[in-house]
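Below: the structure, in structure tokens.
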Amino acid sequence: MSAEQNLRRENRSLTVKLLLCVGGSALFGYALVPLYRVLCQVSGIGDQQTLRSAVQVRDLKRQGGADASRTITVEFMTSLPTVGNWQFRPAQESLQVHPGQLYEAKFIARNLTGHDTVAQAIPNIAPSQAAAWFHKTQCFCFSPQSFRKSEERELPVRFFVDRDLPGSIDRLTLSYTFYDLSTHVAAR
């Protein structure tokens with residue numbers, strides 16, 4: 001084997017090693033985000049949902065407690081983009097709340113798809129100008145929900161209405177649209 005052939009073989013070997021290194025680095029970069037999320041969930045440090053909830057509860061305490069002189073009606077509504085695959089409804093139609101006080105409402109979802117699946121709820125607040133004063137500290141809408149075949153589950157949402165909600169607003173509607181992510185992904 002000549003020196004030139006030996007040099008080409010070594011160059012090819014080096015090129016393959018460098019490509020493997022670049023590919024491995026790219027895969028490691030993509031794996032960091034899910035690994036970080038798992039680490040945050042396990043340790044409780046840096047989890048954005050936990051931090052957001054803690055800040056909202058802290059802000060609630062700073063407001064000085066509930067405004068018992070004022071009552072807001074919060075109505076709960078649900079919708080499904082397709083009929084027959086899910087049952088999804090609020091456990092109660094409405095709740096009388098005092099601004100500045102923490103409340104919990106529950107929604108009930110049942111998987112009728114005939115298989116295990118994952119679903120995600122998308123929230124909406126009406127009137128839309130009141131959304132800035134409606135704060136969820138815990139919500140099933142923050143992440144996708146896994147359901148087994150025919151599973152029914154209560155899904156809680158913890159919230160408070162800011163004391164600074166304009167006085168002209170005495171009624172809010174919290175609505176959720178519940179999407180089956182397996183059919184949404186399959187349609188793409």
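Residue numbers count from 1 along this sequence.
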Quiz item: What's the spacing between E151 CD and Q145 CD if we round to 0.5 Å?
Solution: 9.5 Å
Exercise. Would you tell me whether T117 and D180 have side-chain atoms, one donor and one acceptor, within less than 3.5 Å of each other?
Key: yes
Practice problem: Find out if a path of hydrophobic residues (ILVMFWY) with successive side-chain heavy-atom gaps under 4.5 Å connects Y179 to M77. | Solution: no
Self-check item: pair P99-L165: side-chain heavy atoms closer than 4.5 Å
Solution: no
Quiz item: Between F160 and F134, does the ring centroid distance fall short of 6.0 Å?
Solution: no
Exercise. Decide whether S94 and T73 meet the rule of one side-chain donor and one side-chain acceptor closer than 3.5 Å.
Key: no
Quiz item: So, for D116 and R148, which heavy atoms are closest and what is the spacing to 0.1 Å?
Solution: OD1-CA, 3.2 Å
Exercise. Looking only at non-hydrogen atoms, find the nearest pair between A130 and I125 and report the distance.
Key: C-CG2, 4.4 Å
Quiz item: Does a donor on one side chain sit under 3.5 Å from an acceptor on the other, for R8 and N11?
Solution: no
Exercise. Kindly check if the number of other-residue, nucleotide or ligand heavy atoms within 6.0 Å of CD (E93) is above 12?
Key: no
Quiz prompt | Smallest separation among heavy atoms of I169 and L172, with atom names | solution = CG2-CD2, 3.8 Å
Practice problem: Output the distance between atom CD (Q96) and atom CD1 (I72), rounded to the nearest 0.5 Å. | Solution: 9.0 Å
Exercise. Examine distances only and state if a side-chain atom of Y103 and a backbone atom of V161 form a donor-acceptor pair shorter than 3.5 Å.
Key: no
Quiz item: Are the side chains of P90 and T78 in touch, meaning some heavy atoms are under 4.5 Å apart?
Solution: yes
Quiz item: So, does E75 use its side chain to make a donor-acceptor pair with the main chain of L174 at under 3.5 Å?
Solution: no
Quiz prompt | Rounded distance [0.5 Å steps], CZ in F107 versus CG in L155 | solution = 9.0 Å
Quiz prompt | Atom of R70, atom of P166 and distance for their closest heavy-atom approach | solution = NH2-O, 2.7 Å
Quiz item: In Å, rounded to the nearest 0.5 Å, how long is the span from CG of L80 to CZ of R89?
Solution: 12.0 Å
Practice problem: Grab the two heavy atoms, one from C141 and one from Q120, that are nearest each other, plus how far apart they are. | Solution: O-NE2, 2.7 Å
Self-check item: Candidate pair W86 and N111, rule side-chain contact (heavy atoms from CB on, under 4.5 Å), full reasoning
Solution: CA-CA 5 Å; W86 289 89; N111 175 6; 3.7 Å; yes
Quiz item: How far does CG of L181 sit from CZ of F147, to the nearest 0.5 angstrom?
Solution: 11.0 Å
Quiz prompt | Nearest-0.5 Å distance that lies between atom CD in Q138 and atom CD in E104 | solution = 6.5 Å
Quiz prompt | Candidates L102, V74, T137 - the one meeting side chain to side chain contact (heavy atoms under 4.5 Å, CB included) with F159 | solution = V74
Practice problem: Apply the test ring-ring contact (aromatic ring centres under 6.0 Å, His included) to residues F76 and Y176: give CA-CA distance (whole Å), side-chain angles for both, the deciding distance (0.1 Å), then the verdict. | Solution: CA-CA 8 Å; F76 305 107; Y176 289 99; 8.6 Å; no
Self-check item: Residue pair H115, K149: steps toward the side-chain contact (heavy atoms from CB on, under 4.5 Å) verdict
Solution: CA-CA 5 Å; H115 54 83; K149 177 182 174 183; 5.6 Å; no
Quiz prompt | side-chain contact (heavy atoms from CB on, under 4.5 Å) assessment of E152 paired with I108 | solution = CA-CA 7 Å; E152 180 174 296; I108 299 167; 3.8 Å; yes
Quiz item: Is a donor on one side and an acceptor on the other found under 3.5 Å between the side chain of Q5 and the backbone of S2?
Solution: yes
Quiz item: Would you call the rings of F88 and F178 parallel, tilted or perpendicular if under 30° counts as parallel and over 60° as perpendicular?
Solution: parallel
